[in-house]
Amino acid sequence: MRMSRKAGLLVPTAVCGVLALGAAGTALASIDDAPARPGGVAAPDAPLPGTEAVAGQARSLALASGVLKPVTDLITSVLGVPGGKLWPGQADRLAKSVRDAIDTARQTGPAAPVVPPATPAAPEVPPVSRPDNGKRAKPGRTAAALKANALADLQTKASALFKASAAGDPAAITRALRATVTGLVNVIVSTTLGSGLPAPDLPGLPALPTLPDGVR
């Protein structure tokens, strides 16, 4: 039983994302540590000026890379076995790794802001009809909620990949591989929203996506 050749094209982008984000997350996350100076002299207690935002950005990147690595391990493992059918012990190990990574991301991600109870207000005048009416994000759909949805969706898609691999159906495995890569992209993009990451400064790169109006 052979896998579709197209399935092999799915992994390079995701793997590159792991290497880039993993390196960035690991390097930037060290901002919170206070290393000793050469000669055993302790570093001063005063924090570096203006690094609060950088520390938060590092945590966001580390969060994304922590999820990406086990899921890309799953993808490359499925592509690397005959017919895409994982061995039982291998599947169990990978499933636990993916589940633990997603659970950790859920627990360490930024909490959704508390919305105060709504107070009665006078009826508002209906807005003038616009082409995008009904397409804007609904109130309360925060960046934290989008990230939570992306993580839940990734778990669902990874589970479908495990199921397809166990069944040994090449067509179903290929579809599940594509869906899982898309799930990874959703997690990456949702991580950039509302995390305050700086705009890329390399000429030719587009700006980071932004949340729709009214979403924070």
Side-chain angles (χ1 to χ4, degrees), residues 1-30 32-33 57-111 143-193 195 197:
M1 188 179 302
R2 299 182 60 185
M3 292 288 296
S4 166
R5 293 182 59 189
K6 294 181 180 179
L9 300 177
L10 299 171
V11 176
T13 298
V15 172
C16 288
V18 172
L19 296 176
L21 285 178
T26 301
L28 290 174
S30 64
D32 289 333
D33 297 331
Q57 294 160 2
R59 284 189 289 270
S60 294
L61 293 173
L63 181 69
S65 63
V67 174
L68 286 170
K69 182 61 169 65
V71 177
T72 51
D73 284 346
L74 164 62
I75 293 170
T76 54
S77 294
V78 170
L79 290 170
V81 295
K85 192 167 185 177
L86 297 170
W87 301 298
Q90 183 184 25
D92 292 342
R93 176 178 55 80
L94 289 168
K96 183 180 186 303
S97 179
V98 170
R99 184 172 58 253
D100 289 348
I102 292 177
D103 286 344
T104 299
R106 286 171 175 153
Q107 295 168 9
T108 59
L146 289 173
K147 185 181 297 184
N149 289 342
L151 290 170
D153 176 69
L154 178 59
Q155 181 64 75
T156 298
K157 289 174 176 175
S159 297
L161 177 54
F162 281 114
K163 183 177 180 180
S165 173
D169 181 352
I173 293 172
T174 299
R175 288 193 300 270
L177 284 167
R178 293 182 182 277
T180 303
V181 171
T182 300
L184 284 175
V185 174
N186 291 338
V187 170
I188 295 171
V189 174
S190 67
T191 299
T192 67
L193 299 177
S195 60
L197 290 175

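In this text, all values refer to a predicted model and were calculated from it rather than measured experimentally.
For the pair T191/K147, a side-chain contact is recorded, criterion being any heavy-atom separation below 4.5 Å from C-beta on.
The side chain to side chain contact (heavy atoms under 4.5 Å, CB included) search around A172 returns A164, D169, R175, not counting sequence neighbours.
Sorted by first then second residue, the side-chain hydrogen bond (donor to acceptor under 3.5 Å, both in side chains) pairs that include residues 88-97, not counting sequence neighbours, are K96-D100.
The CD1 atom of I75 sits 11.0 Å away from atom CG of L94, with the distance rounded to the nearest 0.5 Å. Between S165 atom OG and L86 atom CG the span is 3.5 Å, to the nearest 0.5 Å. Here D103 contributes atom CG and L151 contributes atom CG; the two are 9.5 Å apart, rounded to the nearest 0.5 Å.
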Identify every side-chain donor-acceptor pair in residues 153-163 under 3.5 Å, counting partners at least two apart or on other chains, and give the distances.
{"from": "D153", "atom 1": "OD2", "to": "K157", "atom 2": "NZ", "distance (Å)": "2.9"}
{"from": "Q155", "atom 1": "NE2", "to": "S159", "atom 2": "OG", "distance (Å)": "3.4"}
{"from": "T156", "atom 1": "OG1", "to": "A152", "atom 2": "O", "distance (Å)": "3.2"}
{"from": "S159", "atom 1": "OG", "to": "Q155", "atom 2": "O", "distance (Å)": "2.9"}

